[in-house]
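Numbered from 1 within each chain, the chains take letters A, B, ... in sequence-line order.
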Number of protein chains: 2
Amino acid sequence: MLDAHQLNVFLIAAETLNFTQAAQRMNMSQPSVSQHIQALERHFNTSLFLRAGRTLQLTDAGLVLVPMARDLVSQSILIEETMESLQGEIFGHLMVGCSTTPGKYVLPHLLAQFHNEHPKVRVTCLVSPQAQAINMLCEGKTHFALASFAHKSCMDAEFVDFMCDPVVLITPLNHPWAQKGSIEIEELYDENFILREEDSGTYRTVRDALRNTSVRIERLKTLLTLGNSEAIALSVQEGLGVGFVSQAVATGVGRDHVAIVKINGLDICREIYIGRHTRLPSTKAQNAFWDFVTSIDIPKMGTIF
Amino acid sequence: MLDAHQLNVFLIAAETLNFTQAAQRMNMSQPSVSQHIQALERHFNTSLFLRAGRTLQLTDAGLVLVPMARDLVSQSILIEETMESLQGEIFGHLMVGCSTTPGKYVLPHLLAQFHNEHPKVRVTCLVSPQAQAINMLCEGKTHFALASFAHKSCMDAEFVDFMCDPVVLITPLNHPWAQKGSIEIEELYDENFILREEDSGTYRTVRDALRNTSVRIERLKTLLTLGNSEAIALSVQEGLGVGFVSQAVATGVGRDHVAIVKINGLDICREIYIGRHTRLPSTKAQNAFWDFVTSIDIPKMGTIF
DNA sequence: ATATGCAATAAGTAAATATTATTTTCGTCA
DNA sequence: TGACGAAAATAATATTTACTTATTGCATAT
């Protein structure tokens, strides 16, 4: 098979029409040039130079070869330069799976910041239910996962506590609790609730937060179960009842339409975990992303960003 | 410097994502593939494959390399194929120098025939005075020369008698000789002549042809000396005198305007020689052209073509 | 003629490339 | 778990290739 070096020697020889000079320009000995040319001539089974006494001259075949050899050599140099330019540079493509709430309220800010630091890294975000996001991570279909419940069923993934997404109690603006601003835990039993489904992150978070209290989420008067927090905020706004949603939702779509009511002695915090593979080796981009998310300082409580 | 073979191994490995299979497809051993990949990785100072247990996977750098390597390998194959296609094929570019008459009346037909046999050979014809045409051949500026006088001053050229271009006596149509159709040699002294210059091929040819007769060209009544045969034909046509021109001119531009008069006992023939280098090595195209012109059967006398 | 410039050849050494045999590492199947 | 199996890495070795110096052979120029 052809060798870019050999063709390069040929090109210099074709340019100088003098093997000795060509050898000097290539920093090699004259016989070496002769040998390379002879090797090429044997390879192509045709002569490339006419040796007329002391003068050298390209044959027709040689003339045909020159421009093609030039192309190959410059392609070779392009490769070298491109690979060289990759040195230390962080680039590539990351796949991040995440569940609904993190996908809507956490990732956008996070990725904007990450993109600032590593503009050559493309990130694709796959929003899907919790379990599926974690499955994809375990199967290697995504490089990272952002979710509020870290399944331990998968050995190949490592999860760390990434940040805290507060969950708050919201009521209609004209609700009595809204006037008071805060309530006692036991008062929760007095109202009709609109909640997420039982296997949602928000539901579990509230359930776990109430575990140390006298109130059980299962015994609340549940009027309605909805599949997403925005729908709950809208229902609350319409006066159907009260509910728990991520603070981001309450101050986002719910701002000025619902009231946030504090529950004395209870702060509900939905932990958001970030997970990655432990077995699969990782690229520079993956390491950079991990370094980024584990070093970034995000308040554990309070408004997200 | 990069080696197309190594990149090809990389490409197959990247395609199969399995070094053992890649080795089989390349007809080499598995460790050899490993070594090539390692060599590339060392060369680029970056890893190209992620070795995750039993599964192989390209790194970002590897993904960047694949299309570029493909380009280089296909360029390499293009070169191989092109050079292969040159095998035995006759192509290239010939330079033929020739003097005026052969250039006008011999070469066009000759080249048309040659082109038929070897359509890939380009031919450039340089028309110039005799001496210059031969000089260029000797200096290697042209590959062949077609001329009626073969200088022996140049050691590096070989000339062979190529064909015979008859030189004929022409008169105005209403001239007495034209009525007779032929004359005796001695009658030449009776007329006014329009001739080419003394160092022209035509002049020398006529002079040499008369050498064995009682007539000397120098003693003819020379009315006018002109630089080309067409001008002579026109002047004869106008009735200024009679002259000697190549039969091709007489039957060409002179047809129906001048008469051809035979001189009893005298056939004037201008030998046209074709010359080539003997020292400089020759290309296939040159050999083909030489073979063509030396084997072609051209009547030694009579109308050209 | 003689000297010089330049390519070809010869011979020896160093380096790269291939091979076989072996080890290591995972993944898989009892 | 533990043994087996597949696949890559490693080791050791042989072979081929590439480069070097020294020499020869032409062809040109003085």
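Between B:E15 and B:R25 there is a salt bridge, since a side-chain N of the basic residue sits under 4.0 Å from a carboxylate O of the acidic one.
With hydrogens and angles ignored, the 3.5 Å screen pairs a side-chain donor or acceptor of B:Q87 with a backbone N or O of A:F44. Remark: the backbone N or O of A:L48 is paired with a side-chain donor or acceptor of A:E41 at under 3.5 angstrom.
C:dT17 atom P lies 15 Å from atom CG of B:N8, rounded to whole Å. In this structure, B:L56 places its CG atom 13 Å from P of C:dC26, rounding to the nearest Å. Atom CD of B:Q6 is separated from atom C1' of C:dA16 by 10 Å (rounded to the nearest Å). Separating the CG atom of A:L50 from the C1' atom of C:dA8 is a distance of 16 Å, rounded to the nearest angstrom. Whole-Å rounding puts the A:I37 CD1 to C:dA7 P distance at 11 Å.
When each of B:T101, B:T205, B:D208 is paired with B:R270, the side chain to side chain donor-acceptor pair (under 3.5 Å) condition holds for B:T101 and for no other. Here the rule is side chain to side chain contact (heavy atoms under 4.5 Å, CB included) with B:F289, and of B:T294, B:V96, B:T283 only B:V96 fits it.
On the nucleic acid side, DNA chain D contacts chain A at distances under 4.0 Å to non-hydrogen atoms, with the end points of that region at D:dC19 to D:dT28.
Regarding contacts with the backbone of C:dA18, every side-chain N or O of B:S29 stays at 4.0 angstrom or more from both OP1 and OP2. Residue B:N27 places no side-chain N or O under 4.0 Å from the OP1 or OP2 atom of C:dA18.
Nearest-nucleotide positions on DNA chain D for B:Q21 and A:M28 put B:Q21 closer to the 5' end. With the nearest nucleotide of DNA chain D identified for both B:Q30 and A:D3, B:Q30 has the one nearer the 5' end.
At the heavy-atom level, B:Q35 lies under 4.0 Å from base atoms of the strands shown. As judged by a 4.0 angstrom heavy-atom cut-off over every strand, A:T20 is placed among residues touching the sugar-phosphate backbone only.
The distance between the ring centers of B:F144 and B:F159 does not fall below 6.0 angstrom.
Applying the side-chain contact (heavy atoms from CB on, under 4.5 Å) criterion to A:D71, with sequence neighbours excluded, gives B:Q75.
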